[in-house]
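What follows is a set of notes on a single structure, which appears directly below.
Below, chains carry the letters A, B, ... as their sequence lines are ordered, and counting in each starts from 1.
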Protein chains: 2
Amino acid sequence: MTTNGAIFEVKMAQASVLKKVIDAIKDLLGDSSWDCTNSGMSLQAMDSAHVALVNVLLRSEGFENYRCNRNVTLGISLGSLTKVLKCAGNDDELTIRHDDKTNVVTFGFTNDESERYAEFDLKLMNLDSESLAIPEIEYDCVVKMPSTEFRRVVQDLAQFGDSIDIVCAKTNVLFEATGDIGKGQIRLSERSSKKSDQDVTIEMIEPVRLTFALKYLNMFTKATPISDVVQLALSNNHPLCLEYPIPEVGRVRFYLAPKINEEN
Amino acid sequence: MTTNGAIFEVKMAQASVLKKVIDAIKDLLGDSSWDCTNSGMSLQAMDSAHVALVNVLLRSEGFENYRCNRNVTLGISLGSLTKVLKCAGNDDELTIRHDDKTNVVTFGFTNDESERYAEFDLKLMNLDSESLAIPEIEYDCVVKMPSTEFRRVVQDLAQFGDSIDIVCAKTNVLFEATGDIGKGQIRLSERSSKKSDQDVTIEMIEPVRLTFALKYLNMFTKATPISDVVQLALSNNHPLCLEYPIPEVGRVRFYLAPKINEEN
DNA sequence: GGCATTGGCA
DNA sequence: TGCCAATGCC
């Protein structure tokens with residue numbers, strides 16, 4: 001448990017935050033390559049089928065303590081990390097530590113009263129880091145809505161087909177799926193209330209109409225527990241960017257290229 | 001979403017009512033043929049094994065709005081309808097619409113604040129409509145009891161055998177099942193209290209003793225959520241008529257022919 | 001806040 | 001297929 005020589009040592013107040021993040025991405029990615037710098041930890045990778053892209057950012061300010069003496073990349077199996085995180089109590093504090101003289105990363109869990117300390121060393125993996133620069137474009141439509149409601153839309157329409165059409169206009173967004181048994185349409189209109197996490201807001205520059213594979217959107221909604229709200233950023237002929245803010249800490253983003261509609 | 005040309009358009013205040021009805025019958029029937037007239041929607045069909053008969057009536061007065069310009073029969077897959085109804089919120093209003101220039105029926109769900117509108121088109125099926133006239137006979141015994149209590153009787157006795165004997169006398173009714181492990185008997189007597197939905201009442205003209213397959217009764221009790229009370233109408237050598245009233249709206253009836261007891 | 005039901009996981 | 005967790009309803 002010595003910390004001497006550790007070039008990376010951070011403490012997260014709630015292990016459950018990382019738990020939710022890993023739950024959200026482990027079905028898409030087998031392994032993870034975390035870039036650790038002074039400003040935070042981030043991950044970016046294509047899913048195993050090279051269709052979707054996952055981007056996670058955990059800002060250093062979101063941690064209780066954050067120290068990173070030298071930039072380092074930690075290659076971690078998400079399967080192993082999931083096992084480790086299962087050993088954390090929900091309110092446990094989480095310490096992540098790495099000493100570059102070793103090839104392990106250490107996860108430590110402490111509960112509030114520090115009566116229990118659990119520590120797990122995971123072997124690091126050497127992963128090909130595909131550095132994928134994603135241009136931050138201005139999207140034609142940006143929709144914010146409750147994350148559970150988005151999951152609901154995706155799950156409901158998955159009953160009707162493999163693809164979902166998203167048609168966004170100034171004040172409402174239409175989700176549509178067609179299949180053998182019939183057609184399903186769900187229309188949401190802008191709304192606001194006292195509980196702002198229940199709002200639906202739309203910022204539109206240009207209307208969009210895009211088609212996506214429901215299978216992937218469904219996997220993305222595994223991130224629902226991370227945040228009450230989700231943001232869909234859409235542009236014609238561009239990948240969707242689905243963002244779940246990690247409160248106080250950062251975000252998880254999923255990118256998915258639209259299907260090219262045969263009838264277009 | 002135009003309603004022009006719709007020859008059938010009705011609005012039900014609670015989608016959950018139809019949900020419960022469909023849940024109650026979908027295990028017995030694969031498809032459903034709904035006769036829609038000015039006075040309501042009704043369905044009548046044998047189960048796939050041609051042993052039991054299901055009859056549903058939804059009276060027009062039970063709807064918020066009801067318009068049926070011309071009698072029409074809607075052939076609907078209950079599997080598909082179940083999928084559609086999964087997409088309804090519990091308190092959603094339900095609109096059912098059909099235009100006879102199309103071969104679809106449209107189910108629309110609106111929540112209270114109408115910020116979300118979901119609409120599903122189901123393809124209609126061409127079903128052989130077996131019109132089965134059921135004579136309304138006067139039954140020898142009519143038993144009313146709490147629906148949950150009837151379900152309990154059926155489930156409890158199903159532990160002991162495949163068949164249930166129902167023996168009804170003037171003031172009490174006996175349910176009995178015999179099997180390898182032994183015999184189970186449950187006797188209910190007439191009773192009444194302030195909460196009349198907890199009453200057991202018996203109207204007897206003639207005592208009856210009948211045997212039924214528990215497997216079917218068990219399936220019928222899927223209708224328990226529809227109503228607090230259930231009515232058993234029994235006559236010697238006649239099918240049982242099990243009726244779950246749909247409050248304010250109509251009823252679901254199940255008919256089941258008695259087993260002929262070998263020892264009789 | 002507790003209970004029941006449902007969906008996910010083993 | 002059975003158990004457990006999470007969610008939605010009362």
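Separating the CG atom of D27(A) from the P atom of dG8(C) is a distance of 12 Å, rounded to the nearest angstrom. Between K20(A) atom NZ and dA6(D) atom C1' there is a gap of 12 Å when expressed in whole angstrom units. For the pair Q155(A) CD and dT6(C) P, the computed distance is 15 Å after rounding to whole Å. Residue D23(A) contributes atom CG, which lies 16 Å from atom C1' of dG7(C) at whole-angstrom precision. K222(A) has its NZ atom 13 Å from the P atom of dT7(D), to the nearest Å. Look at CZ on R151(A): it is 9 Å from P on dG8(C), rounded to the nearest Å. Distance, K86(A) NZ to dA10(C) C1': 10 Å, rounded to whole Å. Computed from coordinates, the D228(A) CG to dA6(D) P distance equals 16 Å when rounded to whole Å.
In this structure, the ring of Y117(B) has its center no less than 6.0 angstrom from the ring center of F109(B).
A salt bridge links E149(A) and R191(A); the closest N-O separation between the charged side-chain nitrogens and carboxylate oxygens is under 4.0 Å. Taking a cutoff of 4.0 Å between a charged side-chain nitrogen and a carboxylate oxygen, K144(A) and E243(A) do not qualify as a salt bridge.
Between the side chains of T178(A) and K183(A), no donor N or O sits under 3.5 Å from an acceptor N or O.
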